[in-house]
Amino acid sequence: MSLIPKKISWKVFLLWLGALVFGVAVVYGAGYWVGLIATRDLSIVGQERLSLYQGTLRSALEKHRYLPFVLSRDEGIKKLLSENDGRGGVAIAVNRSLRATNQKAESDVLYVLNSKGTTLAASNWLEDRSFVGHNYAFRPYYKDAIEGRESGFFAVGATTGVPGYFMSHAVHDKTGVRGVIVAKVDMRPLQRQWHDGGEHVFVTDENGVVFLSSRDDWRYRTISPVDDVALANIRGNRQFGGAELLPLNLRLHKVFNGDVFEVGGQKYLALKRNTGKPGWVMHFLTPLNLVEEKQRTAWIIGAVLLTLVFMGSLFLRERREKLRSAQRARQADRFQIINKKLQLEIDERKRTETQLLKTQEDLVQTGKLAALGQMSTAIAHEINQPMAAIRTFAASARLLLAKGKKESVKESLVEISSLTERMSNITGELKSFAQKAPVEYHEVDLREALNNAINLMETVWKPGEIKLHYQDLGASVFVKGDLVRLEQVFVNLLRNAADAMEGQREKKISVYLRHIDQLAIVIVEDNGTGIDPKNKDQIFDPFFTTKEVGKGVGLGLSISYGIIQDFGGSIRVENTEKAGARFIVEFEAVVPSSALAL
Ligand code: ADP
């Protein structure tokens with residue numbers, strides 16, 4: 001199966017493209033939505049974690065907050081400060097007391113500074129890195145306490161190098177501030193706890209320095225550039241010891257409405273919250289892998305679904321096309337079968353037609369034969385009659401001749417000659433019917449043919465018997481034909497007209513010759529019996545006659561019809577309005593070549 005459609009229109013292509021773009025947009029949107037939801041879920045969980053971490057930090061700090069205040073009221077410490085001697089017996093007693101309290105309170109170090117910032121007693125007085133004798137006047141917690149402010153300060157231990165949170169409180173007597181009590185809390189256990197949790201949590205100070213962190217490599221790095229004044233200050237109070245405070249290689253951006261920290265190629269959703277300590281911000285980072293993974297999964301599923309839908313659509317389209325072409329092929333087959341059937345039918349029809357023609361010819365032939373029999377009787381009658389008459393006339397002529405009546409003999413001879421002429425007419429008609437004369441076309445003057453026919457018939461008719469009205473054209477009109485045969489046609493029409501009026505008192509024949517446009521028209525009209533409507537279709541058939549035996553053989557009109565057709569003309573008949581028949585003969589008139597030569 002080829003999945004690439006063979007022929008697609010631009011419209012269909014754009015439709016597909018549009019659907020594809022829409023599909024991609026939907027898939028992308030679905031992935032984005034999944035990412036958004038996953039980020040929101042992460043952020044909810046992160047906020048909860050943040051609250052938890054904030055709680056651990058607060059409890060770590062608050063736990064020892066009371067210590068400096070309580071110790072500042074201690075009489076031994078006050079005495080020590082009034083003596084201002086870190087080596088005397090009072091100092092030893094205070095050192096012991098501080099050590100015991102430190103152990104009990106689980107703080108890191110407790111120590112007493114005099115008004116100049118020098119340590120007079122400390123809980124670690126017996127340790128190598130004892131604070132006793134060290135001056136911490138540079139530390140802000142000292143300054144704050146001297147100036148009457150309660151102080152909390154994160155720093156890396158200047159003596160121990162151990163990071164911790166320093167809380168201080170001033171010790172007063174009647175004369176004023178005599179010294180400062182400091183409690184240092186070790187923040188390492190808290191950080192270890194965070195670290196063991198395996199999560200990413202850290203706290204930055206007001207300068208953006210990470211000072212508490214579950215990740216060791218982020219500690220004492222900055223999340224934003226530290227300005228020079230702040231840096232000088234940090235160096236001055238040795239807050240972070242010798243740490244370089246290098247910036248974290250951090251890229252900040254926004255994804256799904258959340259802040260994203262990108263560190264070392266890893267992206268984290270960053271949530272932050274103020275801790276309650278001035279400038280301290282706690283950050284909780286959740287790797288975005290999960291979100292990205294969910295999003296990727298959504299995109300992959302979407303892409304697979306989209307591909308499936310796309311392939312499915314193509315497959316369906318292909319199937320539809322195949323079904324259509326199969327349907328078309330079936331239709332074509334059907335048409336072919338129908339065509340074949342039609343062809344067979346046509347062949348059959350042709351065969352039948354040929355058969356029919358043959359049958360028709362046979363029938364004509366049979367008809368002719370039948371007619372021939374009929375005709376033989378008629379001819380016998382026709383010929384016998386004049387022959388008997390001739391015989392009688394010949395016998396009477398012999399008698400008359402014997403009697404010497406020459407004049408009467410002459411009459412008999414005229415009769416004989418007219419009878420022989422009649423016989424020759426009969427045989428002539430038969431001859432022309434039996435042998436079709438070859439058609440020869442000449443330019444013939446129709447008027448001449450008509451005139452000749454009229455003249456001929458006028459000699460046959462008894463003078464005054466028939467009133468002939470001839471409307472001559474007064475000019476020649478030429479047609480293609482043969483003069484003698486045209487004469488034959490008109491003689492036949494005139495004779496039939498005369499025959500139709502036989503026995504009538506008034507016999508009238510009208511002949512018209514007309515030339516209208518390209519038509520040469522001859523009309524022969526009589527006031528005889530007219531054509532019986534039931535015979536109208538047959539009168540041009542051979543051997544059709546209504547005349548009694550001996551008067552007609554029914555060939556005149558049939559032969560005339562053939563002649564006219566041979567010359568490209570036509571003949572038709574109608575009854576006149578009064579009585580009688582009207583024969584209309586039409587030919588195509590031609591311009592004689594002699595006239596063209598002019
Ligand atoms: P025939 O004259 O030998 O009968 P035709 O073919 O000339 O043969 O004529 C056929 C028949 O047509 C005639 O017998 C006659 O009935 C009819 N017919 C021909 N001319 C006329 C006419 N002018 N008036 C009435 N009938 C006619």
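Fair warning: this is a prediction, and the values are worked out from it, not measured in the lab. Counting starts at 1 for both ligands and their atoms, following the listed order.
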Side chains of [X] and [Y]: donor-acceptor distance under 3.5 Å anywhere?
X: Asn249; Y: Glu262; value: no
X: Tyr512; Y: Asp472; value: no
X: Arg273; Y: Ser51; value: yes
X: Glu448; Y: Ser476; value: no

Practice item. Would you check whether Phe540 reaches within less than 4.0 Å of ligand 1, judged by its heavy atoms? Key: no
**Study point:** Whether Gly530 lies under 4.0 Å from ligand 1, heavy atom
**Key:** yes
**Study point:** Over 12 foreign heavy atoms within 6.0 Å of OH, Tyr561
**Key:** no
Distance under 4.0 Å to a non-hydrogen atom of [X]: what atoms of ligand 1 satisfy this?
X: Thr546; result: 13 (C), 14 (O), 15 (C), 16 (O)
X: Leu555; result: 6 (O), 8 (O)
X: Thr529; result: 25 (C)
X: Thr545; result: 1 (P), 4 (O), 14 (O)
X: Gly556; result: 5 (P), 6 (O), 7 (O), 8 (O)
X: Ile539; result: 10 (C), 12 (O)
X: Ala497; result: 23 (N)

Exercise for review: Could you list the residues that satisfy ring pair (Phe, Tyr, Trp, His ring centres under 6.0 Å) with His283, not counting sequence neighbours?
Suggested key: Phe202
Check your understanding: Any idea which of Gly554, Gly580, Ala500 brings a heavy atom closest to atom 24 (N) of ligand 1?
Key -> Ala500
Revision key, fill the gap. Heavy-atom nearest pair, Asn496 first then Lys547, reads OD1-NZ, 2.8 Å
Check your understanding: So is there a nitrogen or oxygen of Leu557 less than 3.5 Å from a nitrogen or oxygen in ligand 1?
Key -> yes
Let me check something: any side-chain donor-acceptor pairs from residues 26-46 under 3.5 Å, sequence neighbours excluded? List them with distances.
{"residue": "Thr39", "atom": "OG1", "partner": "Gly35", "partner atom": "O", "Å": "2.5"}

